[in-house]
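Heads up: the structure comes next, in structure tokens.
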Amino acid sequence: MARAIELSLENVRAGRGGPFAAVVVKDGRIIAEGTNRVTSLNDPTAHAEIVAIREACRALGHFQLTGCDLYTTCEPCPMCLGAIYWARPARVFFACTADDAARFGFDDRFILREFNSPPSARKIPMTQMMREEALQAFPLWQQSPNKVPY
């Protein structure tokens with residue numbers, strides 16, 4: 001956690017992004033680091049946890065973080081929490097809470113409320129279309145001899 005905090009401070013001082021950082025550890029060794037790069041990369045998905053997960057997966061040559069621990073300077077936002085569950089690390093450690101972040105303008109509670117709203121009632125309009133055509137991809141994948149379940 002000390003390394004993640006150090007990275008978050010460096011990130012702010014260097015003007016590269018927000019005050020967030022994360023590290024992925026396997027067998028007691030840091031295998032990947034990530035800092036918030038949303039504004040420097042113009043990428044809304046470049047949160048520290050996502051950057052660290054991507055780097056760790058590259059380092060491991062696998063899409064799951066089996067046996068890894070993720071240390072992050074703040075409780076994960078909804079997007080990062082989803083990525084964490086897909087990556088399947090063994091454990092997550094966090095320093096600041098979502099309420100701490102909200103006090104400094106990083107408030108993601110509205111996203112959680114959106115999850116509980118039907119798609120038609122969300123702030124960004126969402127309309128379902130061409131479901132039957134899109135459904136064709138699922139049985140095709142299910143029957144593929146090259147599929148990798150996850």
Identify the heavy atoms of Ser8 and Ala21 that sit nearest to each other, and give their distance.
N-CB, 3.5 Å

For the residue pair Phe115 and Arg122, what are the closest heavy atoms and their distance?
O-NH2, 3.8 Å

When you look at Thr66 and Arg88, which way does the side-chain contact (heavy atoms from CB on, under 4.5 Å) test go after all the steps?
CA-CA 6 Å; Thr66 305; Arg88 296 178 177 90; 5.6 Å; no

I'd like to know if the side chain of Gln64 reaches the main chain of Ala87, judged simply by a donor and an acceptor atom lying under 3.5 Å from each other, with no hydrogens or angles considered.
no

Can you give each donor-acceptor pair under 3.5 Å made by side-chain atoms of residues 44-57, sequence neighbours left out, with the distance rounded to 0.1 Å?
{"from": "Thr45", "atom 1": "OG1", "to": "Asp43", "atom 2": "OD1", "distance (Å)": "2.6"}
{"from": "Thr45", "atom 1": "OG1", "to": "Asp43", "atom 2": "OD2", "distance (Å)": "3.3"}
{"from": "Thr45", "atom 1": "OG1", "to": "Arg54", "atom 2": "NH2", "distance (Å)": "3.3"}
{"from": "Glu49", "atom 1": "OE2", "to": "Thr72", "atom 2": "OG1", "distance (Å)": "2.9"}
{"from": "Glu55", "atom 1": "OE2", "to": "Arg58", "atom 2": "NH2", "distance (Å)": "2.6"}

Backbone N or O of Lys123 within a donor-acceptor pair of the Glu114 side chain at under 3.5 Å?
yes

Under a 4.5 Å side-chain heavy-atom rule over Ile, Leu, Val, Met, Phe, Trp and Tyr, are Phe104 and Val38 clustered together?
no

Give a yes or no on whether Leu65 and Leu70 share a hydrophobic cluster (residues Ile, Leu, Val, Met, Phe, Trp, Tyr; joining criterion: side-chain heavy atoms under 4.5 Å apart).
yes

Going by atom type alone, with no hydrogens or angles, which donor-acceptor pairs under 3.5 Å involve a side-chain atom of residues 138-150 and a protein atom two or more places apart or on another chain?
{"from": "Ser144", "atom 1": "OG", "to": "Asn146", "atom 2": "N", "distance (Å)": "3.1"}
{"from": "Lys147", "atom 1": "NZ", "to": "Gln142", "atom 2": "O", "distance (Å)": "2.5"}

Rounded to the nearest 0.5 angstrom, the CZ-CG distance for Arg16 and Leu41 is 11.0 Å

Check this for me: does any side-chain nitrogen of one of Asp108 and Arg113 sit under 4.0 Å from a carboxylate oxygen of the other?
no

Qualifying ring pair (Phe, Tyr, Trp, His ring centres under 6.0 Å) pairs, either residue in residues 11-37, two or more places apart:
Phe20-Phe106

Between the CD atom in Glu132 and the CE atom in Met130, the distance rounded to the nearest 0.5 Å is 11.0 Å

Quick one: does Ile84's side chain get under 4.5 Å of Pro89's, heavy atoms only?
yes

Around Phe63, counting heavy atoms of other residues, nucleotides and ligands shown, do more than 12 lie under 6.0 Å from its CZ?
yes

Non-hydrogen atoms of Leu7 and Ala22 that approach each other most closely:
CD1-O, 4.4 Å

Is it true that Asp27 and Arg29 have a side-chain N and a carboxylate O under 4.0 angstrom from each other?
no

Please examine the side chains of Leu112 and Pro78, heavy atoms only from C-beta on, and report whether any two atoms are closer than 4.5 Å.
yes

Taking Val92 as the starting point, is it possible to reach Tyr85 by hopping between hydrophobic residues whose side chains are less than 4.5 Å apart?
no

Stepwise side-chain contact (heavy atoms from CB on, under 4.5 Å) check, Asp99 with Arg109
CA-CA 9 Å; Asp99 288 337; Arg109 289 176 284 207; 3.6 Å; yes

Just do the side-chain contact (heavy atoms from CB on, under 4.5 Å) check on Ile31 and Cys68 with the steps written out, would you?
CA-CA 9 Å; Ile31 62 167; Cys68 294; 4.1 Å; yes

Which pair of heavy atoms, one from Lys26 and one from Leu60, lies closest together, and at what distance?
CD-CD2, 3.9 Å

Checking the side chain of Asn11 only, and the main-chain atoms of Asn36 only, is there a donor and an acceptor separated by less than 3.5 Å?
yes

Taking every heavy atom of Cys96 against every heavy atom of Asp100, the minimum-distance pair comes out as CA-OD2, 3.5 Å

Can you see which heavy atom on Met1 is nearest to which on Tyr71, and at what distance?
N-CD2, 3.7 Å

Glu10 and Arg13: salt bridge (Lys or Arg N to Asp or Glu O under 4.0 Å), yes or no, with the steps?
CA-CA 5 Å; Glu10 288 174 11; Arg13 288 183 184 122; over 6 Å; no

